[in-house]
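Numbers for residues simply follow the sequence, beginning at 1.
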Amino acid sequence: MSQFCLKIIALIAMTIDHVGLAFGMEGWNLLLLDSSVLRAIGRIAFPLFAFCLAQGWEKTHNRKRYFQNLAFGALASQIPFCMAFDSQNLTATRSEESLFVFSWPYLFCAAVAAWGYWRFVLHKRYEHSLILVVLAALVPGFQWEIKGYWILSENLNVFYTFLMAFFCLYILPHRFEFEKEERLGILIATPVLLVAYGLPADYGTGLLGIVLVAGLCILEKKEHQILFLLLWSCFYYGLLVGNPISVLSCASAGIFILLYNPEARGRFRAKKLFYGYYPTHLLILGLINAGLQCRILF
């Protein structure tokens, strides 16, 4: 099974999961079938995406470009993500007031992110991608509501989870090579970034999404990766969420990882498929939410 096949399976599962979230019992409750079934199917999506990104991270010859793509995905997906899944957008609520505010501590967080990217990814060189990273770091500080419909809120999309995981993977192998001042900078920057962008992100509970991505990158053998995924599934969905069905569904992603053949070449490459599909389908869901609110309220 090629990596392209894994991505397609993950995309389909993710779409099923998001439809269940938006239009099932947790959202508009428009579905005829039990949305928990759709949500359970979707549990295989995140570990498959994490595995594919881990494979790409290890094989890519340009990790800087890889990091830039993730930053662009985070920036492009944040508004669609909030439109699609903010809890206020999934109900027939209306407010006569609008809101547009910025949380000023994110200026400091963005400065820390810019320094970390400039030092550890760009190696003290300036490139235009630094502006992209600063924008991606600033956007979470904005909250934007228009009469009960949220355009930007405090929840962050899954690209921020991937960004934080790969930032940690950038600095960990070289942590003893830095000067004393840079080590101090790492000790300050890492917890700041993890708290500001890791915890509010999708799968950010306990930073466990970051742990899964990093673990799949560090472990080399598929058997070890599958075992790690099984343990992660039991801890996250079993202990924290308390959903045994989700444990089984998430762990079943290990079957597809086992079938993965790194030498297999799919008919289509489509390296940027996820980067485009993720914000596009979220935007569609968000616009449907807006249409449903207008239809019900007016």
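Evaluation of the ring-ring contact (aromatic ring centres under 6.0 Å, His included) rule for Tyr149 yields no partner, not counting sequence neighbours. Shown here are the side chain to side chain contact (heavy atoms under 4.5 Å, CB included) partners of Ala189, two or more places apart in sequence or in another chain: Val112, Trp115. Every side chain to side chain contact (heavy atoms under 4.5 Å, CB included) that Val213 has, sequence neighbours left out, goes to Phe46, Ala50, Phe162, Ala165, Phe166. Taking the ring-ring contact (aromatic ring centres under 6.0 Å, His included) definition, one finds that His128 meets it with Tyr126, sequence neighbours left out. Legend: residues meeting side chain to side chain contact (heavy atoms under 4.5 Å, CB included) with Ala136, ordered by chain and number and at least two apart, are Leu75, Tyr160. Scanning for ring-ring contact (aromatic ring centres under 6.0 Å, His included) contacts around Phe81 gives Phe85, with sequence neighbours left out. With sequence neighbours excluded, the residues satisfying side chain to side chain contact (heavy atoms under 4.5 Å, CB included) with Asp34 are Met25, Ser36, Val37.
For Asn289 (side chain) and Met83 (main-chain N/O), a donor-acceptor pair under 3.5 Å exists by modelled atom type. For the pair Asn89 (side chain) and Ala290 (backbone), a donor-acceptor distance under 3.5 Å is absent. Under the 3.5 Å distance criterion, the side-chain polar atoms of Glu154 are left unmatched by any main-chain donor or acceptor of Gln143. When atom types are taken as modelled, the side chain of Gln68 and the backbone of Leu130 share no donor-acceptor pair closer than 3.5 angstrom. Judged by distance alone, with hydrogens and angles left aside, the side-chain atoms of Gln293 form a donor-acceptor pair with the main-chain N or O of Thr91 at under 3.5 Å.
Under the 6.0 Å cut-off for aromatic ring centres, Trp144 and Phe100 qualify, their centroids lying closer than that. Between Phe159 and Phe274, the distance from one ring center to the other falls under 6.0 angstrom. Here the two rings, on Phe142 and Phe102, have centers that are under 6.0 Å apart. Taking the ring centroids of Trp104 and Tyr106, they lie at or beyond the 6.0 Å cut-off.
Counted within 6.0 Å of CZ on Phe23, heavy atoms from surrounding residues, nucleotides or ligands total more than 12; the atom is thus considered enclosed.
The one candidate from Phe120, Tyr66, Trp57 that meets the ring-ring contact (aromatic ring centres under 6.0 Å, His included) condition with Tyr170 is Trp57.
A heavy-atom distance below 4.5 Å is not found between the side chains of Ile284 and Pro80. The closest side-chain heavy-atom distance from Tyr236 to Leu231 is not below 4.5 Å. Phe49 is not listed as a side-chain neighbour of Val158, based on a closest heavy-atom distance of 4.5 Å or more. Using a 4.5 Å heavy-atom threshold, the side chains of Leu230 and Val247 count as separate. Counting heavy atoms from C-beta outward, Pro140 and Pro200 have side chains that stay 4.5 Å or more apart. Between Phe256 and Phe51 there is no side-chain heavy-atom pair separated by less than 4.5 Å. With contacts defined as side-chain heavy-atom distances shorter than 4.5 Å, the pair Trp232/Cys250 qualifies. Residues Leu107 and Leu138 form a side-chain contact, since some pair of their non-hydrogen atoms from C-beta on lies under 4.5 Å apart.
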For side chain to side chain donor-acceptor pair (under 3.5 Å), just list the numbers for Ser129 and Tyr117, CA-CA rounded to whole Å, side-chain angles, deciding distance to a tenth of an Å, and then say yes or no. CA-CA 9 Å; Ser129 60; Tyr117 181 73; 2.7 Å; yes

From CA spacing to verdict: side-chain contact (heavy atoms from CB on, under 4.5 Å), Ile210, Leu207: CA-CA 5 Å; Ile210 297 172; Leu207 303 175; 4.0 Å; yes

Taking it one step at a time, do Asp86 and Ser153 satisfy side chain to side chain donor-acceptor pair (under 3.5 Å)? CA-CA 7 Å; Asp86 188 274; Ser153 61; 3.0 Å; yes

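Counting only residues at least two apart or on different chains, no salt bridge (Lys or Arg N to Asp or Glu O under 4.0 Å) pair has a member in residues 102-115. The salt bridge (Lys or Arg N to Asp or Glu O under 4.0 Å) contacts involving residues 208-224 comprise nothing, where partners must be two or more places apart or lie in separate chains. Sorted by first and then second residue, the side chain to side chain donor-acceptor pair (under 3.5 Å) pairs with a member in residues 8-23 read Thr15-Tyr277, Asp17-Arg39, Asp17-Arg43, His18-His281; sequence neighbours excluded. The side chain to side chain donor-acceptor pair (under 3.5 Å) contacts involving residues 238-254 comprise Asn243-Ser246, where partners must be two or more places apart or lie in separate chains.
Counting Ile, Leu, Val, Met, Phe, Trp and Tyr side chains that sit under 4.5 Å apart, directly or through other members, Val101 shares a hydrophobic cluster with Leu99, Trp150.
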